[in-house]
Amino acid sequence: MVEALQSPAHATYWLIPGQTLFITLNLLGLACFAHIVTRRLTPLIRGERDFRFDRPFLRLERVLQFWLGQWKQPRYRVAGTIHILIFTGFILLATRAFSLLILGMSENFALPNSSTGIGHLYEIVADYAATIVFLCMVAAAVRRIVFRPARYEVPEKHGKGHKSDAIFLLSLIALLMFSESLFEASKAASLAQQGQTEFLATFSLAWVLQSALNSESLSTLWNLHRGAYLLDVLTFYFLLCYRPFGIQFHVETSLFNVYFAKLDRGTVKPVRWDVTEEHLDQVKSFGVKTFEDFTWKHMLDFYSCADCGRCSDNCPANAVGRPLSPRFLTIKARDYSFQHYPMFGAANNGAPLIGGIYSEDEVWSCTTCGACEEECPLLIEYIDKIVDLRRGLVDEGNVPKSIQKALKALEGRGNPYGKMEKKRADWTKAEGFPATCDVKILNGKKAAETLYFVDSITSYDDRIQAIGRATARILDNVGNDFGILGAAEKDSGHEVRRFGEETLFLALRDNNVDAIKASGVQRIVTADPHAYNALRHDYKDVPPVEHISQVIAREVKTGNLKLNAIENESNVYAYHDPCYLGRHNQVYDDPRDVLDAIPGLKRVEMTRCRDRSFCCGGGGLMLFYEPKEEQRMGVKRVQMAAEAGANVIVTACPFCMVNVEDAIKVAGMEGKMNAIDLAELVAQQMVCKNPSDREGVDHLVEPAKLVTV
Ligand code: SF4
Ligand code: SF4
């Protein structure tokens with residue numbers, strides 16, 4: 001009778017006193033875990049430096065939002081809900097798990113004290129939490145086995161699937177919840193037989209087990225009680241030590257990963273955190289070539305991936321069959337680390353990653369659209385890693401030929417087309433344009449308050465020059481005192497940097513910064529989100545910059561810019577968020593507000609919009625790269641617009657325009673689908689202060705039939 005109430009610390013297990021056994025198990029378990037974690041930390045210590053210790057309050061805020069608040073989980077409703085329940089259960093059960101471990105060494109230990117009201121309340125909450133986690137494990141296993149979402153699949157080219165590992169881990173957690181509940185239930189059943197009551201949460205797993213055990217003999221209950229305790233301790237330590245060998249390692253690392261996550265969107269990491277730009281010439285090797293060239297934080301990313309597949313599910317490169325899947329960039333690096341930093345013995349590492357675990361095509365396939373990073377619930381970073389891998393390739397001279405040509409032209413002429421600098425402002429000389437819109441060239445003789453930074457594609461591409469003229473017309477019409485740099489402007493270098501050519505980027509940037517400063521302007525406006533991102537995040541000491549959509553939205557709001565009604569009412573417009581305006585700079589509402597301000601304009605949203613926008617195929621040097629793919633990203637995007645019921649795609653980026661117009665032709669949708677830039681549409685619809693300015697507006701959207709696909 002008395003035995004039934006004994007603590008496991010006072011029981012004997014195969015003649016070993018419980019207290020001795022559990023002290024030994026606790027010490028062994030912790031020592032084993034400490035050894036494993038130390039070995040896992042070895043590559044991080046050898047990795048490159050990474051400065052992640054600034055802005056602690058902002059970092060803590062993000063921990064509260066993204067780690068404790070599980071902010072991104074609901075983006076996938078079913079999996080997200082299951083994860084939130086499991087995570088909350090784990091948090092609630094942490095105190096009970098600790099108490100249980102101590103109980104084997106110290107009789108009647110309970111945190112909080114079980115004889116207090118708070119202790120009782122906590123026991124009830126913990127019973128329900130264990131039940132919910134148990135049921136979630138069952139649901140997650142059924143999902144993995146029966147209703148397996150496509151994003152969990154592992155294509156053959158990326159290695160073996162992880163289904164059995166995932167099921168094994170889910171089973172272990174379920175076993176832990178079961179053993180905890182059985183421990184509680186057997187004790188409650190034995191007390192009940194002695195006329196005492198221990199309250200278990202109604203309908204909890206412990207309560208159900210107690211109901212099933214009520215008629216068992218006291219000796220059976222006692223055996224179950226101490227057996228459940230031993231099972232719980234063994235499962236706990238097995239899980240603790242097994243997790244760092246697979247996807248469950250994120251349970252331990254995610255808190256740190258979120259705390260140290262990148263804070264500044266749109267930026268690219270420096271070549272070396274401990275080397276200033278002025279001293280880059282002293283860096284012997286650029287970028288990532290071996291595993292140890294990754295920074296410690298990027299290695300922590302590899303450990304923290306939960307293999308949920310959300311990044312690849314949203315990656316446009318993966319969607320069109322390019323040889324890139326962000327999830328596997330991480331998984332392959334993690335497997336590499338596990339293999340080359342074994343639990344015992346020396347590290348066997350230093351082999352090149354390209355040609356080993358990654359291919360060159362894989363690394364060049366990324367458009368740096370940021371969809372993967374936006375989606376990842378653990379804030380794992382991809383763009384900086386890919387840029388670093390490209391820096392390594394550039395340093396070795398392994399650059400695709402077509403890009404080499406563009407880079408050479410940028411070096412010689414400041415634009416990727418190799419066109420002459422003096423022709424940079426020729427777009428302003430189009431027939432009928434100079435008479436209706438005066439564009440000053442800020443070459444020292446003329447001054448202006450605003451600089452319109454045009455960038456290369458708008459300056460030189462015949463079709464895209466129309467966006468330049470539309471932008472200039474708008475600035476002129478709202479009374480802006482503006483000008484351009486003309487021949488003094490060079491490419492913003494945005495893509496040059498993201499293609500890994502840091503030195504060339506710095507040269508382009510410094511040229512532009514000098515020219516901007518010499519012009520004496522107070523603010524900058526651009527219609528190119530890539531230039532916008534570069535000026536905002538890659539340049540230093542330049543005046544504040546705005547995208548033209550922000551300027552238009554403000555002018556419309558103040559009433560300074562009025563818009564005429566749409567003539568063709570059969571047109572249905574869908575706005576395509578450019579990656580470097582939306583995801584990287586969070587400008588989502590201004591372009592939509594502008595469209596909604598045009599009387600009679602019918603607008604629909606594509607399923608993938610705003611921060612889930614689907615990249616058009618990439619800008620900058622991506623136009624010079626022909627990756628292996630099954631379908632063009634732009635074609636997929638045009639199909640998405642058609643599915644949404646649109647027949648006009650509105651973009652706000654010259655590169656999107658090139659890709660989308662091209663995709664319309666490739667998809668055979670000419671005459672059924674049109675594309676127009678937001679600036680072009682506004683220039684077409686705006687009420688001109690001088691009515692003669694309407695003449696010569698470049699690009700009008702032709703009436704298009706509504707498409708049903
Ligand atoms: S940045 Fe875009 S293209 Fe590159 S891996 Fe991420 S989702 Fe894919
Ligand atoms: S990187 Fe993030 S989104 Fe991608 S599989 Fe890992 S945890 Fe999921």
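Basis for what follows: all heavy atoms, side chains included, without hydrogens, waters or symmetry-related copies. When a ligand or atom number is given, it counts from 1 through the structure's own listing order.
- Here the options are Y259, W67, Y303, the test is side-chain contact (heavy atoms from CB on, under 4.5 Å), and the partner is S254; only W67 passes.
- The backbone N or O of Y580 lies less than 3.5 Å from a partner atom in the side chain of N585, making a donor-acceptor pair.
- Using a 4.0 Å cut-off between charged side-chain N and carboxylate O, R322 and D361 make no salt bridge.
- Under 4.0 Å is where a charged nitrogen must lie from a carboxylate oxygen, and between E375 and K72 no such pair does.
- Under the 3.5 Å distance criterion, the side-chain polar atoms of H584 are matched with a main-chain donor or acceptor of T368.
- The protein heavy-atom contact nearest to atom 4 (Fe) of ligand 1 is C366 SG, 2.3 Å.
- In terms of protein heavy-atom proximity, atom 8 (Fe) of ligand 2 is closest to C308 SG, 2.3 Å.
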L623 vs N659, side chain to side chain contact (heavy atoms under 4.5 Å, CB included): CA-CA, chis, key distance, verdict: CA-CA 8 Å; L623 295 184; N659 285 316; 3.7 Å; yes
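- Residue contact check: Y382 has heavy atoms under 4.0 Å from atoms 1 (S) of ligand 2.
- Here is the list of ligand 2 atoms found below 4.0 Å of a heavy atom in C311: 1 (S), 3 (S), 4 (Fe), 5 (S).
- Counting only heavy atoms from C-beta outward, the side chains of E373 and I380 never approach each other to under 4.5 Å.
- Distances shorter than 4.0 angstrom occur between a heavy atom of D307 and an atom of ligand 2.
- Applying the 4.0 Å criterion to heavy atoms of G309 picks out, from ligand 2, the atoms 5 (S), 8 (Fe).
- One of the N, O or S atoms belonging to C315 lies under 2.8 Å away from atom 8 (Fe) of ligand 1.
- Every atom of ligand 2 is numbered from 1 in the order shown, and the set under 4.0 Å from a heavy atom of A306 is 6 (Fe), 7 (S).
- Interface atoms of ligand 1 facing L324, defined by a heavy-atom separation under 4.0 Å, are 5 (S).
- For atom 2 (Fe) of ligand 1, the nearest non-hydrogen atom from the set S325, C376, C369 belongs to C369.
- C305 SG, 2.3 Å is the protein heavy atom nearest to atom 6 (Fe) of ligand 2.
- Remark: side-chain polar atoms of R498 are not paired, donor with acceptor, to backbone N or O of D384 under 3.5 angstrom.
- Side-chain atoms of N318 do not come within 3.5 Å of backbone N or O of N314 as any donor-acceptor pair.
- Taking all heavy atoms of G618, C372, G370 into account, the minimum distance to atom 7 (S) of ligand 1 is reached by C372.
- Remark: minimum distance from atom 3 (S) of ligand 1 to any protein heavy atom is reached at T367 N, 3.5 Å.
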